[in-house]
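Data block below; observations after.
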Protein chains: 4
Amino acid sequence: MTADRPVLYPDRVVRIVNHPVTKEQVVGEFRCRAIQEAAMRVVGRKGLANATVQEIASEAGVAKGTVYLYFRSREEIIEKATQTAVDELLARILEAIRAGGPFREVLERVLTTHIGYFDEHQDFFRLYFAMADGSEESRRRRLENRRRHVAQLAEMVAAAAKRGEVRAAEPERVAVAVAGVVREVVFRRVDGKSSYPLADEVEFLADLFCDGICAPRRRR
Amino acid sequence: MTADRPVLYPDRVVRIVNHPVTKEQVVGEFRCRAIQEAAMRVVGRKGLANATVQEIASEAGVAKGTVYLYFRSREEIIEKATQTAVDELLARILEAIRAGGPFREVLERVLTTHIGYFDEHQDFFRLYFAMADGSEESRRRRLENRRRHVAQLAEMVAAAAKRGEVRAAEPERVAVAVAGVVREVVFRRVDGKSSYPLADEVEFLADLFCDGICAPRRRR
Amino acid sequence: MTADRPVLYPDRVVRIVNHPVTKEQVVGEFRCRAIQEAAMRVVGRKGLANATVQEIASEAGVAKGTVYLYFRSREEIIEKATQTAVDELLARILEAIRAGGPFREVLERVLTTHIGYFDEHQDFFRLYFAMADGSEESRRRRLENRRRHVAQLAEMVAAAAKRGEVRAAEPERVAVAVAGVVREVVFRRVDGKSSYPLADEVEFLADLFCDGICAPRRRR
Amino acid sequence: MTADRPVLYPDRVVRIVNHPVTKEQVVGEFRCRAIQEAAMRVVGRKGLANATVQEIASEAGVAKGTVYLYFRSREEIIEKATQTAVDELLARILEAIRAGGPFREVLERVLTTHIGYFDEHQDFFRLYFAMADGSEESRRRRLENRRRHVAQLAEMVAAAAKRGEVRAAEPERVAVAVAGVVREVVFRRVDGKSSYPLADEVEFLADLFCDGICAPRRRR
DNA sequence: TATGAATGAGAATTCATTCAT
DNA sequence: GATGAATGAATTCTCATTCAT
């Protein structure tokens with residue numbers, strides 16, 4: 001998990017299989033991953049519109065034609081690469097939520113996870129934040145991801161509301177706000193405009209969401 | 001000011017001139033505006049990368065070549081269209097800030113202005129929020145607009161802090177948060193995912209930023 | 001006849017007309033000439049392929065549309081401009097030939113006239129020497145001009161042969177050689193590669209054609 | 001070596017290699033050559049300005065895009081095609097000069113080589129004699145070729161002068177004259193205006209340059 | 001399977017020509 | 001007549017995708 005080569009899949013994958021995995025499958029999965037990661041690095045460098053299949057292939061160390069053995073089209077590469085990384089990100093956030101604890105603690109863990117993920121996988125953010133320039137299908141997928149993301153955050157808020165830790169009203173809207181703020185903060189961090197330590201960033205945002213800015217600081 | 005045809009310039013323009021404006025100038029300005037607006041609609045429909053000069057021209061009701069009488073390149077169309085609208089948006093937000101009053105009131109006015117602007121000019125949001133894949137110049141311009149936007153919001157917060165209405169700390173970070181939340185909310189509104197009345201949306205966000213979500217609702 | 005503005009027509013034109021020339025005709029001819037001269041200057045500056053109608057029009061001080069009142073197409077402008085200048089050049093050479101005298105004298109006069117014409121009308125040479133990139137018609141015209149040119153020179157040689165001043169054989173081939181050498185010399189002069197005084201250039205070439213390079217210099 | 005398909009490279013290429021040439025290299029070189037030759041034929045037919053990449057590609061029997069696998073731009077095709085052929089031509093002329101012998105003999109060999117080359121590669125002459133309308137770089141290249149050509153001829157004259165075979169004065173100017181005459185003669189031959197046998201053409205020109213036209217024919 | 005040469009649809013841009021004013 | 005805005009055909013170049021080896 002170096003900064004140089006984002007790993008799209010969870011670090012440890014437990015395979016529960018009863019028939020052996022053929023070498024072809026292993027190689028195939030390895031290629032898929034390599035191409036997706038290459039796509040991300042290229043998009044990170046050049047932007048979505050300027051990421052050519054040729055450059056992605058070169059970056060992945062394969063020939064251009066090979067890419068089409070694993071993906072049907074350029075769009076599919078982008079799509080799958082995004083999806084793989086989003087799934088990973090949302091899985092981590094979910095984990096952070098499920099770990100439980102007081103709301104403030106959970107919120108901080110979620111923010112840390114989220115912002116930290118982008119600190120680590122800077123190449124990914126261009127993909128994640130690109131407006132849907134692609135097909136209708138692609139657009140739909142992005143919206144669905146957004147929905148899942150908001151739903152997770154809303155679950156976190158709703159749970160806290162049930163416990164009486166936060167005002168009960170409209171967890172989804174709060175979730176939207178959190179997502180928006182994180183996006184903007186990540187943008188500034190990746191773009192080099194801001195370089196607060198992660199913990200500091202998280203504390204500031206947790207304060208903001210918990211207490212607003214009108215009240216005097218309550219804790220810590 | 002229909003949704004169909006965003007107007008890029010202030011609604012009422014008072015011309016104080018003593019020498020008449022030639023017809024050519026008027027036609028020229030009209031064409032420029034028509035092309036910019038067409039560009040916005042096409043980008044709104046197809047996304048930035050898929051907006052071709054041909055389609056922009058058709059949308060504007062002119063031939064492809066005509067576009068190049070008014071703009072040097074596709075990039076310039078996009079650039080100018082974005083800039084015209086951003087200038088207009090930021091001018092309105094600034095006005096909302098300068099009108100003064102208690103923080104909560106100012107904040108609500110700003111949110112209303114901002115979100116309302118995008119409600120009115122839905123086509124514009126893809127341009128405003130697009131990652132800049134283009135030239136270095138284009139990238140710089142976008143960052144500069146972002147900077148201006150945040151600076152305005154920060155000024156609002158700083159003024160309130162001076163008056164003791166909000167916690168003094170770090171107006172710029174608050175500004176970034178506000179910008180992020182508004183972006184996300186606008187995205188959902190334009191995308192049809194959310195249809196709260198504008199006033200409701202504003203009140204919710206104002207509450208959030210003023211009091212956070214941990215305290216019980218304080219006012220209203 | 002300034003270097004700045006080559007005049008395509010003989011300096012003094014004696015009109016033998018019995019009905020008055022209307023103002024329209026005068027203006028018309030003036031415009032025609034202005035446009036042709038402009039075309040030459042532009043071609044001289046930019047090359048044939050890069051000389052646009054717009055730039056020719058601007059150079060001539062008229063609007064683009066006006067050009068089409070006097071010429072049917074860009075090609076016709078180029079065609080006519082070339083033709084006018086070629087006619088002028090050939091007329092001068094003919095004059096130089098017709099003035100008579102010993103061969104050597106006539107040859108020198110012709111060379112002086114020819115090379116001198118291009119020294120004066122440097123803009124013209126690009127047109128004159130351009131290979132026929134245009135239509136079949138245009139190609140034919142150029143060949144015809146070449147033929148006339150060679151025929152004139154051949155007449156000069158033939159006359160001298162008749163007088164026994166030069167070897168009788170094949171005046172046309174000699175004429176071709178003279179035309180070729182002049183073209184090359186002019187090219188170098190205009191291109192700035194060579195800057196011998198005109199008289200010197202002429203003397204060298206006259207020596208070459210009269211005596212070859214094997215014999216010792218005979219005269220002067 | 002048909003008139004239909006000028007061969008840009010020397011007829012017999014002796015490859016002294018100890019590692020095998022890959023098939024890719026061979027195919028690549030073949031394509032390069034095919035495209036260059038196609039370019040020449042198209043320029044020969046349509047003129048430099050009217051030779052489009054599409055037509056060159058079709059003539060070469062490949063798709064438009066293929067051309068760009070081997071050349072960076074239309075200009076480069078033209079440039080390289082010209083250069084390859086010019087290098088070949090000048091190499092042959094140099095060989096003719098270096099073979100030595102009495103001036104008259106060398107001159108005849110050079111003229112035979114030069115005119116003969118264009119008799120064989122008629123398509124090439126439009127490229128060789130075209131004015132350079134293109135980039136500064138392209139212009140420079142053409143001048144440099146011209147310079148090399150003249151320098152070679154001048155060397156020939158200078159050597160003869162040293163041996164006392166010709167008047168010593170100004171070999172370069174003589175060289176320019178020779179170049180000019182050859183150009184013109186080639187032009188007429190290619191254009192179908194003249195169809196003297198090559199040997200006859202050469203003898204006539206050799207006579208002209210050696211003895212001029214005033215003296216009675218001295219030899220043969 | 002892997003390759004990368006070949007393809008050709010499609011994009012931006014230019015400019016000769018037309019035509020309403 | 002004169003103008004210059006408008007047009008759109010034509011051109012160069014790119015790049016996703018295919019396919020023979």
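Everything quoted here is computed from the prediction, not taken from an experiment. So you know, we letter chains A, B, ... as the sequences are listed, proteins then strands, and number each from 1.
- Scored by the ring pair (Phe, Tyr, Trp, His ring centres under 6.0 Å) test, C:Tyr68 finds no partners at all (sequence neighbours excluded).
- Bounding nucleotides for the chain B contact on DNA chain E, 5' to 3', at a heavy-atom distance below 4.0 Å, are E:dA11 to E:dT21.
- For the pair C:Glu144 (side chain) and C:Arg140 (backbone), a donor-acceptor distance under 3.5 Å is absent.
- A:Tyr70 comes within contact range of the sugar-phosphate backbone alone, with a heavy-atom separation under 4.0 Å but no base atom that close.
- As rounded to whole Å, 14 Å separates atom P of F:dG1 from atom CD of C:Glu29.
- For the side-chain hydrogen bond (donor to acceptor under 3.5 Å, both in side chains) test with C:Thr84, the passing option among C:Glu79, C:Glu37, C:Gln36 is C:Gln36; the others fail.
- When the salt bridge (Lys or Arg N to Asp or Glu O under 4.0 Å) test is applied to A:Glu55, the partners found at least two apart in sequence or on another chain are A:Arg45, A:Lys46.
- Between D:Ala85 and D:Phe124, the closest heavy-atom pair is CB-CE1, 3.4 Å.
- In DNA chain E, the stems built from three or more successive Watson-Crick or G-U pairs (distances below 3.5 Å) are E:2-21 with F:2-21.
- With A:Thr66 contributing its side chain and A:Val62 its backbone, the two residues share no donor-acceptor pair below 3.5 Å.
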**OP:** Mark up nucleotides 7-13 of chain F, 5' to 3', with B wherever a protein heavy atom is under 4.0 angstrom from a base atom, S wherever such an atom reaches only the sugar-phosphate, and - elsewhere.
**Re:** BB-BSSB
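- Partners of B:Asp133 by side chain to side chain donor-acceptor pair (under 3.5 Å), not counting sequence neighbours, listed by chain and number: A:Arg126.
- The backbone N or O of D:Ala130 sits less than 3.5 Å from a side-chain atom of D:Arg142, completing a donor-acceptor pair.
- Salt-bridge annotation for A:Glu137 and A:Arg141: present, with a side-chain N of the basic residue lying under 4.0 Å from a carboxylate O of the acidic one.
- Checked by atom type and distance alone, the side chain of B:Arg31 never pairs as donor or acceptor with a backbone atom of B:Val26 at under 3.5 Å.
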